[in-house]
Protein chains: 2
Amino acid sequence: MFSDDRPIYRQIRDRIIERILTVGDGAMLPSVRALAADAGVNPLTVAKAYQDLQSADLVRAKKGVGLFAADGAVKRLLNSEREAFLSEEWPRVKARINRLGLDVADLLADA
Amino acid sequence: MFSDDRPIYRQIRDRIIERILTVGDGAMLPSVRALAADAGVNPLTVAKAYQDLQSADLVRAKKGVGLFAADGAVKRLLNSEREAFLSEEWPRVKARINRLGLDVADLLADA
DNA sequence: TGCACTGTTCTATGCCGGCAGCACAGATGA
DNA sequence: TCATCTGTGCTGCCGGCATAGAACAGTGCA
């Protein structure tokens, strides 16, 4: 379910980010306990992921109600994630593709 | 120098793998202490990376002499790394590209 | 008023990663 | 022989990650 070489709470955070990009601003997000049960993980671990997202103003928490994608979250996520991907992940991936003797164009073609 | 969310010894291991793919079978690899000094890391951390590679028969150690890329290391690395990349990393990357609405042409452009 | 949900906080425990420091064993060359 | 390189092994220490278990505070609904 999870990669063994990245902290679970970060993988949970990434999963929530994907969800925000899908459901959009203002939408309700899965509760700490529900997500923990679904992922087979301790609720504290999920809470830590959500607190990261709250620190980044991507999620609003309403005590007793639930968690919600913040206003403008999608827009800011698209910007920051695009930036991070193009400047960090993609160069590394492209170098790896070349080193393994694979063809970038071929891989992108059947997308 | 290192990503903050993956163990350093794994990032060191990846770096050594890249080097093996470059220098080829039988070539001498940087010593534990030299690589540790170069990366600004504890020698034990580098040793752990090398021991991973020895367990996978990708590196041979000669006590008092040094570390060497094992016979057939390059071939086996190309196979296993390609396999791992295509079945795990690439699908994730491709999904990310689509989710972020990135243009394939842009990714190919700055090659 | 209860009940069931929500997020949040606390304590304690265990494991892993990384560090510092030191020591040992094998190989090499002056 | 001796100095110096090599890989390997140990101790202790610390912080981060993840867990279990319990508890507190706020909301909504019957």
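Given the structure is predicted, the values throughout are model-derived calculations rather than measurements. Every chain is numbered from 1 and lettered A, B, ... according to where its sequence line falls, protein lines coming before strand lines.
The residues A:D57 and A:R76 are annotated as not salt-bridged, no charged nitrogen and carboxylate oxygen being separated by less than 4.0 angstrom. A salt bridge between A:R96 and B:E18 is absent, with no side-chain N of the basic residue lying under 4.0 Å from a carboxylate O of the acidic one.
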Query raised in the report: Which is it for B:D4 and A:R10 under the salt bridge (Lys or Arg N to Asp or Glu O under 4.0 Å) test, yes or no, and what are the steps along the way?
Result: CA-CA 11 Å; B:D4 63 329; A:R10 295 217 187 190; 3.1 Å; yes
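For DNA chain D, the outermost nucleotides in 5' to 3' order that have an atom under 4.0 Å from a heavy atom of chain A are D:dC17 to D:dT27.
Taking every heavy atom of residues 52-72 of chain A and every atom of DNA chain D, pairs under 4.0 Å involve A:K63, A:G64, A:V65, by number. Within residues 6-30 of chain B, the residues having any heavy atom under 4.0 Å from DNA chain C are, by residue number, B:P7, B:I8, B:Y9.
Between A:I97 and B:F85 there is a side-chain heavy-atom pair separated by less than 4.5 Å. The side-chain heavy atoms of B:P30 and B:D38, taken from C-beta on, include no pair separated by under 4.5 Å. Counting heavy atoms from C-beta on, the side chains of B:L108 and B:V104 come closer than 4.5 Å.
What separates CG of B:N42 from P of C:dC22 is a distance of 13 Å, to the nearest Å. The distance from atom CZ of B:F2 to atom C1' of C:dC19 is 14 Å, rounded to the nearest whole Å. Between A:L44 atom CG and C:dT11 atom C1' there is a gap of 11 Å when expressed in whole angstrom units.
Distances shorter than 4.0 Å separate none of the side-chain N or O atoms of A:Q51 from OP1 or OP2 on C:dG7.
Results of the side-chain contact (heavy atoms from CB on, under 4.5 Å) test with B:L53 over B:L58, B:L29, B:I12 single out B:L58 as the only residue that passes.
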